[in-house]
Amino acid sequence: MTSDVRKLPAGFRRLWTAQTVSSLGDGVSHAALPLIALTLTRDPMALAVVTAAGTLPWLLFGVLGGALVDRWDRRRTMWVADAARAALLAIPAAAAALDVLSIQLLAAVAFLLGLGGLFFDTAATAFLPDLLRRDPALLERANSRLRGAQTAMSGFAGPPAGSALLTLGRAVPLLADAVSFLLSALLVRTLPAMPRPVPEVRESLLRQARAGASYVFRDRLLLGLALRPAVGNIAFLAVETVLALFAHDRLGIDTFGFGLLLTAEATGGLLGAGIASSLGRRLGTGTALTCTAAVEGLAILGLAAAPNPYVAGLALAVCGAGMGATMVLAPSLRQAIVPAHLMGRVASTSRMLAMCAAPIGAFLGGWLATTYDIRTPLYAASGLLLAMTAVTASMTSNRRVEAALRAAAPAGSPDHPASKDPAQESAPDLV
């Protein structure tokens with residue numbers, strides 16, 4: 001993907017602001033929820049239930065949700081989903097204030113929040129290429145800014161704020177997240193309306209959902225892009241499920257220190273998002289994705305062996321850098337090569353694979369910690385990430401990436417296959 005000097009439109013700035021505000025609230029709850037759960041139970045499996053509940057909507061409704069997004073107005077889907085999540089968070093906040101909060105209620109709220117996230121994230125992923133007219137360079141710049149803001153807010157600013165707000169009461173961080181969703185919904189409502197893709201021949205919702213899933217599984221590049229976060233989520237959720245307990249019991253980190261530990265990961269993520277475009281240009285998008293995946297696996301191995309909080313923070317920062325770069329390069333590539341009328345379904349299928357893998361990771365982490373040792377889930381996660389890197393390297397090679405971008409280029413553009421000199425096309429495409 002080449003650089004582009006054109007400015008991002010004003011509509012993107014409003015979308016960026018909305019997601020930045022919402023990400024700050026997510027960071028608050030990301031640190032606070034595990035700590036709230038720890039006030040209710042010390043059972044790793046009970047903690048795994050809460051973690052897994054938020055991912056179950058993707059298992060149950062992921063592909064169907066994408067088909068619905070391809071039928072609905074995407075802007076409206078986003079603001080309604082955020083408004084609903086703001087109202088939902090009032091329930092556990094009230095329960096916490098009345099001292100009737102339970103693990104069961106937290107799990108139920110996590111499930112419904114995950115359902116709202118399914119519709120918002122799928123609609124936002126499909127809305128962005130429409131807003132930016134599917135320009136690969138603009139998509140990469142936009143995703144870099146979105147990912148950078150998300151990392152800074154949800155990981156850098158939010159966790160310490162969540163830990164601090166928790167000292168004021170268990171309801172406070174939940175209310176802060178609700179306010180962020182409400183502000184996001186109001187901002188999204190001001191976005192420009194985008195025309196819907198040309199409708200397909202009228203088919204049943206199930207048949208359209210299957211068509212979107214089939215499109216991913218038939219394309220080796222898209223499948224490779226989907227497998228990376230799927231396997232990665234098994235690993236990362238295994239770590240996340242026990243991270244608060246690992247930090248407290250093995251590293252001696254208190255409540256505020258746990259927020260700082262998450263901030264270290266976010267700092268790395270911010271750096272990774274910032275250098276993603278440069279990595280893609282220097283190494284090629286495919287090679288860059290392989291390198292970042294390997295970095296993540298080695299970083300988790302370092303976290304498992306960390307003898308103190310400082311080494312653990314460094315390991316999480318390195319892991320965050322790999323994740324930050326990956327989350328810019330992979331979505332930008334997918335948005336550039338997938339047809340507009342399939343974008344919702346392809347995005348939801350890819351996300352569904354990742355999110356459906358997450359409960360496996362959550363329960364795996366809880367089981368390994370209960371059966372063996374609190375460090376065991378971290379060693380297992382590292383092994384999974386490194387194995388995934390080896391398996392998917394050829395599926396997302398530079399050669400495949402460049403071929404897909406050429407095929408997706410508009411007819412008549414210099415990058416379209418029909419515009420290429422046959423002699424140039426026969427030249428080898430080095431990875």
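Nothing fancy with the numbering, it's 1 onward along the sequence. These figures come from a predicted structure and were not determined experimentally.
Side chain of Thr39 to backbone of Ile36: a donor-acceptor contact under 3.5 angstrom is found. One N or O on the side chain of Ser348 and one on the backbone of Arg345 form a donor-acceptor pair closer than 3.5 Å. A distance-only check finds no donor-acceptor pair linking the side chain of Asp70 to the backbone of Gly65 [under 3.5 Å]. Under the 3.5 Å distance criterion, the side-chain polar atoms of Ser397 are left unmatched by any main-chain donor or acceptor of Ala393. With Thr167 contributing its side chain and Ala164 its backbone, the two residues share a donor-acceptor pair below 3.5 Å. Judged by distance alone, with hydrogens and angles left aside, the side-chain atoms of Thr376 form no donor-acceptor pair with the main-chain N or O of Tyr372 at under 3.5 Å. Of the possible polar contacts, one joining the Ser144 side chain to the Ala273 backbone as a donor-acceptor pair under 3.5 Å is found. Under the 3.5 Å distance criterion, the side-chain polar atoms of Asn143 are matched with a main-chain donor or acceptor of Leu139.
Partners of Ser214 under the side chain to side chain donor-acceptor pair (under 3.5 Å) rule, at least two apart in sequence or in another chain, are Arg218. Under the salt bridge (charged side-chain N to carboxylate O under 4.0 Å, His left out) criterion, Asp121 pairs with Arg351, sequence neighbours left out. Partners of Arg14 under the side chain to side chain donor-acceptor pair (under 3.5 Å) rule, at least two apart in sequence or in another chain, are Thr190. In terms of the salt bridge (charged side-chain N to carboxylate O under 4.0 Å, His left out) criterion, residue partners of Asp249 (sequence neighbours excluded) are, by chain and number, Arg42. Annotation: salt bridge (charged side-chain N to carboxylate O under 4.0 Å, His left out) contacts of Arg75 (sequence neighbours excluded): none. Partners of Asp373 under the side chain to side chain donor-acceptor pair (under 3.5 Å) rule, at least two apart in sequence or in another chain, are Arg250. When the ring pair (Phe, Tyr, Trp, His ring centres under 6.0 Å) test is applied to Phe120, no partner is found at least two apart in sequence or on another chain. Partners of Ser22 under the side chain to side chain donor-acceptor pair (under 3.5 Å) rule, at least two apart in sequence or in another chain, do not exist in this structure. For Asp177, the salt bridge (charged side-chain N to carboxylate O under 4.0 Å, His left out) test picks out no residue, with sequence neighbours left out.
Sequence neighbours left out, the pairs with a member in residues 77-102 that pass salt bridge (charged side-chain N to carboxylate O under 4.0 Å, His left out) are Asp82-Arg85, Asp99-Arg170. Residue pairs that meet the salt bridge (charged side-chain N to carboxylate O under 4.0 Å, His left out) test with at least one member in residues 309-324, sequence neighbours left out, do not exist here. Counting only residues at least two apart or in different chains, salt bridge (charged side-chain N to carboxylate O under 4.0 Å, His left out) contacts with residues 220-230 are absent.
Shown here for Leu40 and Ser102, the closest heavy-atom pair between the two residues is CD1-C, 3.7 Å. Of all non-hydrogen atoms in Leu38 and Ala244, the two that sit nearest each other are CD1-CB, 3.9 Å. Contact between Ala171 and Ala96 at its shortest, heavy atoms only, is N-CB, 3.8 Å. Leu342 and Gly212 get closest at one heavy-atom pair: CD2-CA, 4.4 Å. What you find for Pro377 and Ala369 is that their closest heavy atoms are CG-N, 3.8 Å. Of all the heavy atoms in Phe12 and Leu128, the pair that sits closest is CD1-CD1, 3.9 Å.
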ask   = Going through the distances and angles, do Leu368 and Tyr379 end up as a side chain to side chain contact (heavy atoms under 4.5 Å, CB included)?
value = CA-CA 10 Å; Leu368 288 174; Tyr379 286 119; over 6 Å; no

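Taken to the nearest 0.5 Å, the CG atom of Leu298 stands 6.5 Å off from the OG atom of Ser382.
In this structure, Arg145 is not positioned above the aromatic face of Trp16 in the sense of NZ or CZ being under 6.0 Å from the six-membered ring centre and within 45° of the axis.
Applying the side chain to side chain donor-acceptor pair (under 3.5 Å) test between Thr292 and each of Thr326, Thr389, Thr287 identifies Thr326 as the sole match.
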